Amino acid sequence: MTPVSTGVKIENIRIYLYIKWFVLAIVFLLNIFENLAGLMTVMQATIAYMGIFVAAVTAFLLEWSIRKNKLVNFIAHVSLSIDILVIVLVLYFHGGIENSWLFLAVFVIFLASYIFGFLAGFIYASFSFIIVFAMSVMQYLEFIPTLALFNLPEAHWKNIQYITDYVTGMFVLYFASAFSIGLLTRLAAQRAERLNGYRANLEKTIKNEEETKKKIVAAKEEMSVKDAELERLQRISAEQQLKLIELKREIEKLRGMG
Amino acid sequence: MICLNERQTEKMKLWLQIKPWVIAIGFLLILFENLTGVRTFLGVLPGYIALIVVLVIGLIMRQSLKRRKMWLILAHASFIIDASVILAGIYFHGGLETPWAFGPVFVTFMGAYVFGTAVGIVYATYTFSMFLGMFLLEYYRIIPHFSIFNLPDLYWIDEGYFADSLLGIFMLNFVMAIAVGAVSRVTDQRSEKIEEYVRELEESYSRVRAVEVEAEQAAKLVEEKNAELKRNRKIIKDREQEITEVERDIERLKKEKKT
């Protein structure tokens, strides 16, 4: 298993968790509202709450993994896949193709694309689309029962035009989102790469500056040593000068006497 | 007139590059629906018109961005027109009846990406308000409803269905605005950091240049000092030799004197 080691991915997974908690809170509140307003049965509401609970458990698991530093790509992928499965399952119990909330999977695709890039986004988009497509076909062919959400006399989930239109719409939404977020994430990653490049350059320049400063300090120290040496030599030179004058005077004296 | 800043211009350019591709995909899928008989030509016509209008606006914006800086108001107008045209397309495609009601979310998406969360929320509010307004006008029969699946009006006016759908559209738009705004903020923070590093690098380069000049001068001075020392040492050596010679002379003279 590959650990999610880079800072960028951990940062992205944290954003995923923030968004996930935010979406879960909104879905939870909207469910309560729909439940209280009598827009769904107690059974449907219970299934929705169970779905929210499972999604929350996977979020807690991820939070725990990050804290314990045991996070691996695998756990993140499992969490995202469970999110999609939970969404589709809850939607199935809420009318399936009859439900207008099939877009919900787009948030998971969004986050998968954001955390793992283009390819993962497309894989999750394909996974979501295949599940939604399979659910629609099975509902249409009555391989699985349709748990009607609105109790309408004429079920539009039996209308092939409606199903084709809905599934095509979800195809566009899922893949366009995967593409767009993948693109934005790639841009952000390029920025991060450039950022690292600039940071390295800056560190190099600062190091260079420090080394040059050290050289200056060393040169200054050398200068002071040399200054002292020069002073000593100049003193010796002056002493020699004096001695020479005295000796010359002595020689003159000796010659004069002669 | 206030213009888009550099970062917004860069994002706007990206959006204008992506836009034709999104329109092309939408166009192909509508064509597919038309050819497979899911929708009639009259049914898809509003979709084609909406896509062409959005494409033309995109191309005009792209050209104007190539020539000069884009006005902020013009960028907002382009997004609002895009959202309105998509909403008009949705209205003629069955209003709340169409599963493509998510269409304007792409405008919210890009609005939030270019201008940030707050503007994204404003676009989400605009989109949702327009959608809600359209639905209410249809619901109270103030404007006609265009059915696309030849289903009776029973379900889109069903309280459960419309409340559920409207809540869904509300959620999709607002969550997308907040989520994309967050991604955009991360990208912006990285850009800011890059700009900060570039600034620091430039300052650091000029500092290093100054320090290098100083180091060169110091090295030159050390060299000069070395030369001076060498000169002095030579003088001392010569003088020592001279002193020795003079001392020898003195000795010689003294000896001569004695003899």
Side-chain angles (χ1 to χ4, degrees), chain A residues 15 19 23 26 30 39 100-101 103 107 110 114 149-150 152-154 156 159 161-162 164-166 168-169 172-173 176 180 184 187-188 191-192 194-195 198-199 201-202 205-206 208-209 212-213 215-216 219-220 222-223 226 229-230 233-234 236-237 240 243-244 247-248 250-251 254-255 258, chain B residues 18 22 25-26 29 33 38 99-100 102 109 113 149 151-152 154-155 158 160-161 163-165 167-168 171-172 175 179 182-183 186-187 190-191 193-194 197-198 200-201 204-205 207-208 211-212 214-215 218-219 221-222 225 228-229 232-233 235-236 239 242-243 246-247 249-250 253-254 257:
Chain A
I15 292 177
I19 294 174
V23 173
I26 288 186
L30 290 176
L39 297 173
S100 48
W101 282 54
F103 65 82
F107 295 116
F110 177 110
Y114 183 65
L149 183 65
F150 304 117
L152 294 167
E154 190 164 349
H156 50 299
N159 184 307
Q161 286 179 321
Y162 171 82
T164 313
D165 203 36
Y166 202 171
T168 315
V172 173
L173 183 64
S180 313
L184 302 188
L187 281 177
R191 291 256 150 83
R194 271 175 65 191
L195 196 65
Y198 278 122
R199 191 181 291 148
N201 257 349
L202 189 62
T205 317
I206 288 169
N208 191 12
E209 189 185 344
T212 317
K213 275 182 180 170
K215 274 184 196 165
I216 292 173
K220 279 181 180 167
E222 200 183 332
M223 284 280 284
K226 288 203 183 322
E229 172 76 0
L230 197 63
L233 290 177
Q234 278 167 349
I236 293 169
S237 174
Q240 281 179 329
K243 197 176 174 183
L244 199 63
L247 289 171
K248 277 186 178 170
E250 201 179 332
I251 228 172
L254 283 168
R255 275 183 188 149
Chain B
I18 298 173
V22 176
I25 292 169
L29 289 170
E33 289 196 340
V38 174
W100 285 63
F102 62 81
F109 182 109
Y113 180 64
F149 303 117
L151 289 165
L154 281 168
Y155 78 88
D158 177 83
Y161 179 84
D164 203 43
S165 302
L167 277 175
M171 191 192 156
L172 180 65
V175 174
V183 174
V186 170
T187 314
R190 279 180 192 161
S191 298
K193 203 85 189 146
I194 286 175
Y197 275 139
V198 169
E200 271 184 44
L201 258 176
S204 186
Y205 279 145
R207 260 201 327 269
V208 166
V211 170
E212 274 172 356
E214 205 184 327
L221 276 176
V222 168
K225 274 281 180 255
E228 207 179 335
L229 276 171
N232 272 279
R233 281 193 191 110
I235 290 171
I236 287 169
R239 207 162 273 160
E242 203 181 340
I243 287 171
V246 172
E247 278 174 344
D249 280 351
I250 290 172
L253 279 171
K254 277 181 181 172
K257 212 178 165 188

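Note that the structure is a prediction, hence the values are computed from the model and not measured. Just so we're on the same page: letters track the sequence lines, and every chain starts at 1.
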*Pairwise distance CG(L172(B)) to CH2(W101(A)) - rounded to 0.5 angstrom*: 9.5 Å
*May I have the step-by-step check of side chain to side chain contact (heavy atoms under 4.5 Å, CB included) for L184(A) and F109(B), ending in yes or no?*
CA-CA 11 Å; L184(A) 302 188; F109(B) 182 109; 3.8 Å; yes
_Check whether Q240(A) reaches the backbone of I236(B) with its side chain - one donor and one acceptor, N or O, closer than 3.5 Å._
yes
*Could you look at K243(A) and say if it's the side chain, the backbone, both or neither that has a heavy atom under 4.5 Å from chain B?*
side chain
_To the nearest 0.5 Å, what is the distance between CG on L229(B) and CG on L230(A)?_
5.0 Å
_So, taking the atom named CD in E200(B) and the one named OH in Y198(A), what distance separates them when rounded to the nearest 0.5 Å?_
13.0 Å
*Do you know which two heavy atoms are closest between K254(B) and L254(A), and how far apart they sit?*
CG-CD1, 4.1 Å
*Mind ranking V22(B), V175(B), I194(B) by heavy-atom pairs under 4.5 Å with chain A and telling me who comes out on top?*
I194(B)
*Where do R239(B) and I236(A) land on the side chain to side chain contact (heavy atoms under 4.5 Å, CB included) test, with the steps shown first?*
CA-CA 10 Å; R239(B) 207 162 273 160; I236(A) 293 169; over 6 Å; no
*Heavy-atom distance under 4.5 Å between the side chains of T205(A) and R207(B), does that happen here?*
no
*If you count heavy-atom pairs under 4.5 Å with chain A, which of D249(B), V183(B), L221(B), V211(B) comes out on top?*
V211(B)
*N201(A) side chain reached by Y197(B) side chain, heavy atoms, under 4.5 Å*: no
_chain B contact via L247(A) - which portion, at a heavy-atom distance below 4.5 Å_ = both
*Where G169(A) and F102(B) come nearest, the two heavy atoms and their spacing*: O-CZ, 3.0 Å
*asked:* Heavy-atom pairs under 4.5 Å with chain B - which of L173(A), I216(A), D165(A), I206(A) has more of them than the others?
replied: D165(A)
*Part of Y114(A) within contact of chain B (heavy atom distance under 4.5 Å)*: side chain
_For the interface with chain A, which of A215(B), A182(B), A219(B) has the highest count of heavy-atom pairs at distances below 4.5 Å?_
A215(B)
*Mind checking the CG-NZ spacing from L195(A) to K193(B)? Nearest 0.5 Å is all I need.*
7.5 Å
*Taking W100(B) for the side chain and T168(A) for the main chain, is one N or O donor matched with an acceptor at less than 3.5 Å?*
no
*Checking heavy atoms, do the side chain of Y205(B), its backbone, both or neither come under 4.5 Å from chain A?*
both
*Count the heavy-atom pairs under 4.5 Å between each of I18(B), I235(B), I25(B), V222(B) and chain A, then report the option with the highest count.*
V222(B)
_K215(A) atom NZ, over 12 foreign heavy atoms within 6.0 Å_ = no
*asked:* Counting heavy-atom pairs closer than 4.5 Å to chain B, which one of A219(A), A176(A), S237(A) comes out on top?
replied: S237(A)
_Atom group of E229(A) that falls short of 4.5 Å from chain B, counting heavy atoms_ = both
*Taking N232(B), V246(B), I243(B) one by one, which has the highest count of heavy-atom pairs under 4.5 Å against chain A?*
I243(B)
*Which residue out of S165(B), G168(B), A163(B) racks up the most heavy-atom pairs below 4.5 Å with chain A?*
G168(B)
